[in-house]
Amino acid sequence: MSEEKAKRHKNPDGRSSIYLGADGYWHGRVTMGVKDNGQPDRPHVKRRRKEDVVARVKELEKQRDSGKVRRAGPKKWTVAEWLTHWLTIARPTLRDGAYDAYEVAVRVHLIPGLGAHKLNKLLPEHLERFYTKMQENGSAAGTAHQAHRTIRRALGEAEKRGALTAHNPAELANPPRLDLEEEDEIDPYTVDEIKAILVEANKRRNSARWAIALALGLRQGEALGLKWSDVDMKAGILRVRRSLNRPKYKHGCDGEPCGRKPGFCPKRQKARPDAAPTKSRAGRRTIGLPTELTKILRAHWKEQAAERTRARQLWKDEGWVFAKRTGEALSPNMDYREWKGILKAAGIRDGRLHDARHTAATVLLLLGVPERAVMDVMGWSSSSMVKRYQHVTAPVRMDIAERVGGLLWAATEAGENDDPDEAAGGVLVPA
């Protein structure tokens, strides 16, 4: 080969290069992008035959042009490495509850079950077999579904950032099937049960808490997160702006660890704020207060003022509507135990705290409140939530129709032999 032919031709910046090296092999270099340190990322291809180098160079160029390029550098992610990395980059954008759910799914299920796979070799079939194995080992379908949602989101981020060059396998995998019995069933309380609950609640502190739950359907965190600045009793409105967090602690040990769990550390420190803004735009809402509920809140305010006086210097004026005897926010666990105690003392069937919210929604729909207005009061972002109540409200509406029909027909038949005015009076003002 002549010196001119052997001389390597320099391509313009950014163009791929293919050349025969002094070692007798054909070489190729493809500009894929820029490394984290600012240097060009130019993967090297080495083959015995020129056509093999050309084919590989074209393949790399196609990946580059489509935007599916692996991050520069030698790192080839395993599923475990990526999931751990993803938790760190997703943390600032997630609420505490959402992050905790993802972290548990990653640590307890996904890394032990799928962590050894190479990220770019993970297949939908791997995921489907993993979901099946989870349930065979005793995990509920809901738990398997949470694992699916977690890895789908994590792999979506990997695809977006170029760490995953193939299509997201979690988007192609069939998710675990949720059994109907695992869904949050709607089991509202009757009017008589509500009255019995409120009678028992009136014997206890913070009785207005349960009137709020049953009349307005606030979620537990929303009710416990209310501050007096959110309540305008003169205008008769209540603003939902925040939700009380479940407490989470970290160790405060300076030197040697105490050996206890963070929540029992003598010098424990809060790992999250007491409250956080509601998680959705629909959750931030303003609700009109029935006159009776406004009166209940006025009485509650006076009771709390008396407690403040008795507590003296021990009172921490944090502004909570429902507070401990020293003014601090109520614990969600304490609130839950209080609810269970009220049901038991009132002789009412046991139920979840969320059933109070279901009850409020059912009453609104039975009263014929428009769907859009019900969504605003309940803080729902999707009309699909309203449809879940149709199987509850429809039979009740039919029962009401039958009763009204029976009353009208009975009154009409009685009126055939009586004075028409008396018959009409019997319909309008039933005994």
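- Contact annotation: the side chain of Leu289 approaches that of Leu216 to within less than 4.5 Å [non-hydrogen atoms, C-beta and beyond].
- Taking each heavy atom of Ala147 and Ala105 in turn, the nearest pair found is CA-CB, 4.3 Å.
- Across all their heavy atoms, Ala173 and Pro124 have their closest contact at CB-O, 3.8 Å.
- Here the side chains of Leu164 and Asn120 are in contact, with some heavy-atom distance below 4.5 Å.
- Under the ring-ring contact (aromatic ring centres under 6.0 Å, His included) criterion, the residue pairs touching residues 40-63 are His27-His44, with sequence neighbours excluded.
- Note: Ser139 OG to His109 NE2 = 5.0 Å, rounded to the nearest 0.5 Å.
- Residues Val30 and Ser16 form a side-chain contact, since some pair of their non-hydrogen atoms from C-beta on lies under 4.5 Å apart.
- Looking at Arg372 and Asp376, a side-chain N of the basic residue comes within less than 4.0 Å of a carboxylate O on the acidic one, giving a salt bridge.
- Interatomic distance, Arg285 CZ to Arg239 CZ, rounded to the nearest 0.5 Å: 14.0 Å.
- Side-chain contact between Met334 and Lys324 is present, with at least one heavy-atom pair separated by less than 4.5 Å.
- Annotation: the span from Leu343 atom CG to Asp350 atom CG amounts to 6.0 Å, rounded to 0.5 Å.
- Using a 4.0 Å cut-off between charged nitrogen and carboxylate oxygen, Lys58 and Glu61 do not count as a salt-bridge pair.
- For Thr326, the side-chain hydrogen bond (donor to acceptor under 3.5 Å, both in side chains) test picks out Glu328, with sequence neighbours left out.
- Scanning for ring-ring contact (aromatic ring centres under 6.0 Å, His included) contacts around Trp26 gives an empty result, with sequence neighbours left out.
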- [ ] Determine, step by step, whether Leu127 and Leu172 satisfy the side-chain contact (heavy atoms from CB on, under 4.5 Å) criterion, reporting the C-alpha distance in whole Å, the side-chain angles of both residues, the deciding distance to 0.1 Å, and the verdict.
- [x] CA-CA 10 Å; Leu127 297 175; Leu172 302 175; over 6 Å; no

Task: Worked check of side-chain contact (heavy atoms from CB on, under 4.5 Å) between Asp355 and His358 - done: CA-CA 5 Å; Asp355 287 338; His358 288 323; 3.6 Å; yes

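- Within the 3.5 Å criterion, the main-chain N or O of Asn174 finds a donor-acceptor partner in the side chain of Glu128.
- Of the possible donor and acceptor atoms, none in the side chain of Arg337 sits under 3.5 Å from a partner among the backbone N and O of Lys340.
- Side-chain contact between Met134 and Pro176 is absent, with no heavy-atom pair separated by less than 4.5 Å.
- Contact annotation: the side chain of Leu83 never approaches that of Leu114 to less than 4.5 Å [non-hydrogen atoms, C-beta and beyond].
- Comment: Glu51 engages Arg49 in a salt bridge, judged by a side-chain N to carboxylate O separation of less than 4.0 angstrom.
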- [ ] Test side-chain contact (heavy atoms from CB on, under 4.5 Å) on Arg153 and Tyr102 and set out the steps.
- [x] CA-CA 10 Å; Arg153 178 162 179 170; Tyr102 286 140; 3.4 Å; yes

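- The two residues Ala346 and Ala196 make their nearest non-hydrogen contact at CB-O, 3.8 Å.
- Side chain of Gln304 to main chain of Val321: a donor-acceptor pair is present (N/O by atom type, distance under 3.5 Å, no hydrogens or angles).
- Taken from CD1 in Ile89 to NE2 in His85, the straight-line distance is 4.0 Å, to the nearest 0.5 Å.
- In plain terms, the two heavy atoms of Ala170 and Arg152 that are nearest each other are CB-CA, 3.5 Å.
- In this structure, Val45 and Arg29 have side chains that are not in contact, with every pair of non-hydrogen atoms separated by 4.5 Å or more.
- Sorted by first and then second residue, the ring-ring contact (aromatic ring centres under 6.0 Å, His included) pairs with a member in residues 315-338 read His300-Phe322; sequence neighbours excluded.
- Of the residues Ile237, Val240, Ile212, the one that meets the side-chain contact (heavy atoms from CB on, under 4.5 Å) test with Ile287 is Val240.
- When all heavy atoms of Gly351 and Trp339 are compared, the pair lying nearest together is O-NE1, 3.3 Å.
- Contact between Ala360 and Leu214 at its shortest, heavy atoms only, is CB-O, 3.4 Å.
- Looking only at side-chain heavy atoms (C-beta outward), Glu338 and Asn206 stay at 4.5 Å or farther from each other.
- The side-chain tip of Arg47 does not point at the ring of Tyr25 from less than 6.0 angstrom away and within 45° of straight on.
- In summary, Asp230 and Lys227 do not engage in a salt bridge, as defined by a charged side-chain N under 4.0 Å from a carboxylate O.
- Electrostatic pairing of Arg349 and Glu193 counts as a salt bridge here, judged by a charged N lying under 4.0 Å from a carboxylate O.
- With sequence neighbours excluded, the residues that form a side-chain hydrogen bond (donor to acceptor under 3.5 Å, both in side chains) with Arg209 are Asp335.
- Using a cutoff of 4.0 Å between basic side-chain nitrogens and carboxylate oxygens, Lys133 and Glu136 are not scored as salt-bridged.
- Trp228 CH2: more than 12 foreign heavy atoms inside a 6.0 Å radius.
- Remark: Lys234 pairs with no residue by the side-chain hydrogen bond (donor to acceptor under 3.5 Å, both in side chains) rule, at least two apart or across chains.
- Here CE of Met233 is found 12.5 Å from CD1 of Ile296. Values are rounded to the nearest 0.5 Å.
- Atom CH2 of residue Trp82 and atom CG of residue Leu110 lie 14.5 Å apart, to the nearest 0.5 angstrom.
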Open item on the list: As a quick check of understanding, evaluate salt bridge (Lys or Arg N to Asp or Glu O under 4.0 Å) for Asp65 and Lys62, giving each step before the final call.
Closed with: CA-CA 5 Å; Asp65 297 340; Lys62 185 177 180 181; over 6 Å; no

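- Glu292 and Lys295 are not joined by a salt bridge, as no carboxylate oxygen comes within less than 4.0 angstrom of a charged side-chain nitrogen.
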